[in-house]
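Presented below is the structure to which this report refers.
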Amino acid sequence: MTFSATKILTNKRLAEQQCLTLLETCTTLLNLTQIHTQIIKLGLINNPLVLTKFTSTSSNLNAINYASLILFDPHSKTHLYDTFLYNTIIRAYAQTNNNRISSIEIYKKMVVNDVMPNKFTYPFVLKACAGVGVLSLGECVHGCVVKLGFDDDIHVCNTMVHMYCCCGCVGSARKVFEGMCVRDSVSWSAMIGGYVRGGMAGESVADLGALELGKWVERYVEREGIRKSMELCNALIDMFAKCGDVDKALRLFRGLDGKTIVSWTSVIVGLAMHGRGLEAAALFEEMKSSGVEPDDVTFIGLLSACSHSGLVNEGRKYFSSMTEEFHMTPKIEHYGCMVDLFSRAGLVKEALEFVNNMPIEPNPIILRTLTAACRLHGELNLGESITKQLIESEPLHESNYVLLSNIYGKMSKWEKKNTIREVMGEKGMKKIPGSTMIELDNKIYEFVAGDRTHESYKEIHEMIDEMAKKIKMAGYVPTTSEVLLDIGQEEREDALNRHSEKLAIAFALLKTPPGTPIRIVKNLRVCGDCHSATKFISKIYNREIIVRDRNRFHHVKDGVCSCNDFW
DNA sequence: ATAGGGTTAG
């Protein structure tokens with residue numbers, strides 16, 4: 001009797017072990033189905049170890065899907081482990097790239113089935129919301145957190161900060177952050193990361209103030225003696241670089257001991273944004289000698305650094321070193337960087353040849369880079385044909401139409417250009433209007449082209465006229481060919497003068513004492529004419545002008561821009 | 001048995 005009981009027990013344990021081993025090696029859905037049958041047969045459906053294993057095979061989407069089937073399997077009576085099981089499945093989905101929405105679906109089922117979420121549930125759910133980026137959903141979850149009283153948990157709050165930041169709502173993130181009674185280094189990294197990304201997303205309000213805010217954050221962290229973890233330092237480096245003080249970022253980086261690949265990559269990317277390609281390349285070499293292996297992200301940073309500084313040969317060299325020296329397979333992103341490198345440097349033929357010889361199909365992003373280069377360097381027919389293909393493959397992507405319309409503008413095919421605009425109108429698409437922001441005396445001002453609503457409208461326009469006269473005398477030639485409208489020369493010049501960059505600069509010249517640096521933020525890429533005019537203005541008015549573009553910084557001083565005209 | 005933050009070209 002004793003013997004057989006032991007035997008059954010041993011068998012059970014053996015079966016359990018067998019299932020665990022099977023799950024360990026399982027790769028396909030078929031295998032999973034078989035294992036599931038086995039699990040039911042062996043009566044292991046309520047075995048927590050087996051179920052955990054089932055759900056934690058998270059790298060395998062099939063396994064996650066199957067695990068969620070098990071959860072709703074009529075054979076399983078999972079009362080004891082309900083919350084835990086839901087949590088593991090929610091976590092598994094939250095960690096995938098494309099199935100975060102399932103994570104939220106499971107959470108909803110959890111609520112419907114009256115299974116109580118616990119404080120471990122919410123970081124997963126919020127992470128999924130952050131990944132999906134839907135604010136309303138996140139807000140709803142926030143409401144549940146408050147209702148259940150989990151808003152006093154530091155982990156939950158940290159993820160809420162992260163979630164709001166990812167949804168582009170830095171203000172709400174800040175509110176949660178302010179409401180926390182204890183903040184640790186994770187809270188700060190999440191908040192700093194939010195300000196940085198807020199800037200990148202064009203939520204310029206955050207990022208204009210961010211340099212001052214950043215300094216304040218650093219002082220605060222120092223004063224409170226908050227542990228400066230590697231993640232926090234890397235977030236600070238990234239923030240200072242993206243808020244315009246790349247030297248500060250470099251100093252912080254130099255002071256780090258135990259630099260990780262993320263630290264190196266952050267600072268290389270930072271230098272790239274500021275057009276300091278040679279320094280980025282030098283740092284890359286230093287990194288190699290210090291024994292840190294570059295990864296694919298490092299190469300994106302490095303190649304974009306070459307691209308933004310016009311270092312074509314270096315870019316080529318580094319691209320081939322990826323395969324030859326580091327035995328990596330370049331991804332579509334790296335090919336994209338190379339196309340961008342050639343395009344910026346005006347080597348349209350090389351760019352085209354490169355695309356034709358690529359071992360993978362170019363994606364729409366690469367094709368758009370190529371057509372933009374075609375437009376800029378006069379290969380209009382080629383540009384037209386590629387853009388038409390793009391519209392066919394992505395009929396809902398607004399920038400394809402803008403590109404084609406601009407190509408027709410450059411060809412002076414006004415009728416065709418108008419047709420495109422009409423098509424866009426019919427489809428309810430609109431070109432994003434260019435705008436420029438500036439912060440003066442703690443107030444944010446936003447300008448759009450031809451703005452007449454501003455209180456100082458008259459003064460600004462007088463200033464612009466004066467600016468135009470002075471810089472023309474110094475040799476500025478308005479690039480009227482960039483005005484893609486069917487109008488005469490004088491009207492073209494006038495259209496250029498009403499660009500939002502020029503309005504903001506004129507306003508700053510009026511309102512700030514001589515010699516003060518001017519910091520402005522654009523939502524799109526800076527236009528060629530404004531770039532040229534800014535250089536002249538910096539010299540004549542003796543001002544340093546720092547322009548933050550959609551992609552990068554331009555430090556304009558004494559008639560020279562840090563981008564060396566590659567952007 | 002289960003948790004949070006940092007790097008990515010156009």
Side-chain angles (χ1 to χ4, degrees), chain A residues 48-49 51-53 55-56 58 81 83-92 94-95 117-127 130 150 153-163 165-166 173 177 183-194 196-197 200 229-239 241-242 259-270 272-273 294-308 315 330-341 343-344 362-373 399 403 525 550-552 567:
Chain A
L49 262 172
L51 283 171
T52 312
K53 193 76 203 168
T55 46
S56 65
S58 59
Y81 304 101
T83 303
F84 175 70
L85 261 186
Y86 277 99
N87 283 357
T88 17
I89 297 177
I90 291 171
R91 180 188 60 173
Q95 282 168 348
N118 61 17
K119 64 173 184 173
F120 296 109
T121 314
Y122 282 100
F124 301 141
V125 179
L126 286 160
K127 201 172 182 179
F150 292 130
D153 184 280
I154 190 161
H155 296 297
V156 174
C157 287
N158 285 342
T159 350
M160 284 206 288
V161 171
H162 177 63
M163 179 276 296
C165 289
C166 285
F177 182 80
R183 301 179 199 97
D184 62 6
S185 69
V186 176
S187 331
W188 286 95
S189 330
M191 198 60 234
I192 295 168
V196 172
R197 254 172 290 127
M200 289 311 282
S229 66
M230 194 46 79
E231 286 87 352
L232 179 53
C233 290
N234 291 338
L236 282 169
I237 291 173
D238 183 48
M239 180 201 63
K242 286 184 177 151
K259 304 171 176 75
T260 67
I261 185 64
V262 176
S263 333
W264 287 96
T265 304
S266 304
V267 80
I268 288 174
V269 167
M273 283 189 80
D295 64 6
D296 55 328
V297 184
T298 318
F299 271 105
I300 290 175
L302 181 63
L303 293 175
S304 81
C306 293
S307 170
H308 284 287
K331 294 187 179 172
I332 189 88
E333 288 90 344
H334 301 103
Y335 287 101
C337 287
M338 291 307 283
V339 175
D340 186 52
L341 175 80
S343 302
R344 275 178 211 271
N363 59 12
I365 297 164
I366 291 182
L367 294 180
R368 273 193 287 275
T369 311
L370 205 55
T371 41
S399 66
L403 270 172
R525 274 175 74 171
R550 191 189 175 84
N551 314 320
R552 59 165 294 162
W567 83 88

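Letters A, B, ... mirror the listed sequences (proteins, then strands); counts begin at 1. What you see is a predicted model; the values in this text were computed from it and never measured.
Comparing dA9(B), dA3(B), dG6(B) against the side chain of Ile300(A) picks out dA9(B) as the nearest. When each of dA3(B), dG4(B), dG6(B) is scored by its nearest atom to the side-chain atoms of Asp184(A), the top-ranked nucleotide is dG4(B). Side-chain proximity of Cys337(A) to the nucleotides dT2(B), dA9(B), dT8(B) is greatest for dA9(B). You'll find that the side chain of Val186(A) is closest to dG5(B), out of dG5(B), dG6(B), dT2(B). You'll find that the side chain of Ser229(A) is closest to dG5(B), out of dT8(B), dG4(B), dG5(B). For Asp238(A), taking side-chain heavy atoms from C-beta onward, the closest of the listed nucleotides dA9(B), dT2(B), dT8(B) is dT8(B). Looking at the side chain of Glu333(A), the nearest of the listed nucleotides dA9(B), dG6(B), dG5(B) is dA9(B).
No contact: Ser343(A) has no heavy atom under 4.0 Å from any strand. Among the protein residues, Phe124(A) comes within range of the sugar-phosphate backbone only, with heavy atoms under 4.0 Å from sugar or phosphate atoms but none that close to a base. Among the atoms of the strands shown, base atoms are found under 4.0 Å from some heavy atom of Thr265(A). Residue Gly336(A) is classed as a base contact, given a heavy-atom separation below 4.0 Å to a base. Residue Asp153(A) is in base contact, counting any heavy-atom pair closer than 4.0 Å across all strands shown.
Between dT8(B) and Lys242(A), a contact under 4.0 Å exists linking OP1 or OP2 to a side-chain N or O. Regarding contacts with the backbone of dA3(B), every side-chain N or O of Lys127(A) stays at 4.0 angstrom or more from both OP1 and OP2. Between His162(A) and dG5(B), a side-chain N or O to OP1/OP2 separation shorter than 4.0 Å is present.
Here the shortest heavy-atom pairing between Lys119(A) and Val156(A) reads O-CG2, 3.6 Å.
The distance from atom CD1 of Ile261(A) to atom P of dT8(B) is 13 Å, rounded to the nearest whole Å. Atom C1' of nucleotide dT7(B) and atom NZ of Lys259(A) are separated by 16 Å, given to the nearest angstrom. We find that CE of Met163(A) is positioned 20 Å from P of dA3(B), with the value rounded to whole Å. One can place OH of Tyr122(A) at 16 Å from C1' of dG4(B), the figure rounded to the nearest angstrom. Whole-Å rounding puts the Phe177(A) CZ to dG5(B) C1' distance at 11 Å. Here dT7(B) presents its P atom at 19 Å from CH2 of Trp264(A), a figure rounded to the nearest Å. Atom CG in Asn158(A) sits about 8 Å away from atom P in dG5(B), given to the nearest Å. Remark: P of dT7(B) and CE of Met230(A) are 15 Å apart, rounded to the nearest angstrom.
The closest side-chain donor-acceptor pair between Ser263(A) and Thr260(A) falls under 3.5 angstrom.
Remark: the Ser189(A) side chain and the dG5(B) base include a donor-acceptor N/O pair separated by less than 3.5 Å. Side-chain N/O atoms of Ser263(A) and base N/O atoms of dG6(B) include no donor-acceptor pair closer than 3.5 Å. Donor-acceptor pairing under 3.5 Å, judged by distance alone, is absent between the side chain of Glu231(A) and the base of dG6(B).
Side-chain N or O atoms of Ser307(A) include none that pairs as donor or acceptor with a backbone N or O of Leu303(A) at under 3.5 Å. Between the Arg368(A) side chain and the Ser399(A) main chain, no donor and acceptor come within less than 3.5 Å of each other. Remark: the backbone N or O of Asp296(A) is paired with a side-chain donor or acceptor of His334(A) at under 3.5 angstrom.
Considering only residues two or more places apart in sequence or on other chains, Thr298(A) meets the side-chain hydrogen bond (donor to acceptor under 3.5 Å, both in side chains) condition with Thr265(A), Asp295(A).
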